[in-house]
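What follows is a short report on a single structure.
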Amino acid sequence: MASQGNSVKRIVAYFSMEIALENAMPSYSGGLGVLAGDTIRAAADLRLPMVAISLLYRKGFFTQRLAEDGSQTEDPVEWRVDDFLQEEPVRTHVSIEDRRVDLRCWRYSVKGVRGFEVPVYFLDADLPTNADAHRNLTGSLYGGDSYYRLCQEVVLGIGGVRMLRALGYNDLTHYHMNEGHAALLSLELLEDEAKRAGRTAVRGEDIEKVRSKCVFTTHTPVPAGHDRFPMEFLTRVFPKQTGFLDMKDAASVDLMKRVLQAQQDFPGLEEAARQGATLNMTQLALGLSTYVNGVAKVHGETSRQMFPEVPIEAITNGVHAGTWTSPAFQQLFDRYIPSWREDNYSLRGALGLPAEEVWAAHLIAKHELLETVREKTGLNFDPEVFTIGFARRATGYKRADLILSDLDRLRQIAKNAGRFQIIYAGKAHPNDGGGKDIIRRIYHAKKALKKSVPVVFLDNYNLDLGGKITSGVDLWLNTPQFPLEASGTSGMKSALNGVPSLSILDGWWVEGHIEGVTGWSIGEARRSVAGGAPTDNKSEAESLYYKLESVILPMYYNERNKFLEVMQHAIAINGSFFNTQRMVQQYITDAYLR
Ligand SMILES: *Cc1c(COP(=O)(O)O)cnc(C)c1O
């Protein structure tokens, strides 16, 4: 069965541990997956001959359950794979601990604005020929221990390359690793090159060939965030693989030293294992890529400081405009800027939209959000009241509770400058105790603030809810601890819907912020990533309160026309640029056509 996608010559293979495509498909946990989905949508719009590959998670990420006090527990997600995906007849396999793990895959087709399709394949190990433990390898996303995770990466990287070959994609010239999780694909490509040269051991010339094909996007601004595994795991997964790289070949030894972060006098794999070496997936990806990028300019700089030995560039993330624009704004753009879907740059024309129609579209989105609040919680939020949104993965550095640092101050601001309300959403990773504490603190503050500042926390943050919150609030709040926000994309979704940001100057906002024009900053711009002043929560909270009380609320309530200008600038200046159409075009010119 030759499906339509296979008949088109594909040159770029995009590998990602998670890809968000549809709300009811639990194939993602957060930002990385949403970005992957938006990247593929833009590739389809641009008719880029791409194919994408990920894992099938039958149990998904999780369903979030929140108790009265905000304590989070997790339930598995039930979904019917064949409601969404079509099984492909081909099979391939990988080897784990000397046991054969058979793989099949399921196809999803992403259709672009001009009808071009990009196929997405989800690898599936749940086959009766596999051992029970292996059948579960494509069970849950971020669900198991570190060893389980490495095995999933074997399936994605090595299984992925083999599956694409089995599907007949023989023209691939570029392998794009979306984060280090996919780095093992390079080992399969190395083995291919050695085999093609009639060798079993890999040498420098193979490394060069593989390097010319690989592109790596890093998303993590802290060393601790990078995937790392003990050497012992590696020898457990691949018991026969020692000697895979030719230890008499200088380039091979260099690569091994770097990837294993072993001592200067690198003695070989067994000795490295005894020395307690670790396999660093980021180093593997860095060592075998011709082009490496961070996901915002400031993140590129952070990455260069972490990995000074390689050139690292930056391509700032975007969001898919057609996906993240609310229905009301889609209609408005269709009417006044008809080319916006094929040509996101034309959104700069938003400056010429009639302000009252922008306001009307915004109110429709706001009503839809407040209706969702009512359905989910029974609470009636007032559409006349200034509404702040904050929806992110609940984790320490994002500081969802920064705005809640001083509740008396919040009550005062509401009294002096005008009423406001806050809408929250976000899941904490099941093992992130600090993230779960933050949700409980929000619940606590919500009770303490009662009616003076209404606060609501919506459970089960997903694509649908993400769209509603980012488009339906009056202000997008973002308070990451600098420089830990690699990019952040929710504020870009808001911008497309005319919702300005109030944010720490980190990630994309360093580029998107023009004070009082596209939104507002919290605190000052930091010049240097390394050796910068430590984060001062108190002064940042103070800056947030000041902007809210003295600038934003007065403008919203007393100078609506000025507020509307900011809204239109958000669309015209930021919506027209921080989208995946521009982003994928940069990948094409900077990475794929290099
Ligand atoms: C947009 C989105 C994200 C990513 O948001 P960031 O601001 O990049 O952290 C995560 N989850 C959902 C459901 C989203 O819609």
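Start at 1 and go down the list; that is how both ligands and their atoms are numbered.
Both tests hold for K493 against W324: distance to the six-membered ring centre under 6.0 Å, angle to the ring axis within 45°.
In this structure a side-chain-to-backbone donor-acceptor pair under 3.5 Å is present from S16 to E18.
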Which N or O atoms of ligand 1 sit under 3.5 Å from a protein N or O, and how far apart is each pair?
| from | atom 1 | to | atom 2 | distance (Å) |
| --- | --- | --- | --- | --- |
| ligand 1 | 5 (O) | S490 | OG | 3.0 |
| ligand 1 | 7 (O) | R392 | NE | 3.2 |
| ligand 1 | 7 (O) | R392 | NH2 | 3.4 |
| ligand 1 | 7 (O) | T489 | N | 3.2 |
| ligand 1 | 7 (O) | S490 | N | 2.9 |
| ligand 1 | 7 (O) | S490 | OG | 2.5 |
| ligand 1 | 8 (O) | T489 | N | 2.8 |
| ligand 1 | 8 (O) | T489 | OG1 | 2.7 |
| ligand 1 | 9 (O) | R392 | NE | 3.1 |
| ligand 1 | 9 (O) | R392 | NH2 | 2.7 |
| ligand 1 | 15 (O) | K493 | NZ | 2.7 |

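Within the structure, ring pair (Phe, Tyr, Trp, His ring centres under 6.0 Å) pairs that include any residue of residues 13-32 comprise Y14-H176 (at least two apart or interchain). Residue pairs that meet the side chain to side chain donor-acceptor pair (under 3.5 Å) test with at least one member in residues 564-573, sequence neighbours left out, do not exist here. Counting only residues at least two apart or in different chains, salt bridge (Lys or Arg N to Asp or Glu O under 4.0 Å) contacts with residues 312-326 are absent.
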Check: For W340 and D334, what are the C-alpha separation, side-chain angles and deciding distance, and is it a side chain to side chain donor-acceptor pair (under 3.5 Å)?
Finding: CA-CA 7 Å; W340 73 283; D334 284 342; 2.8 Å; yes

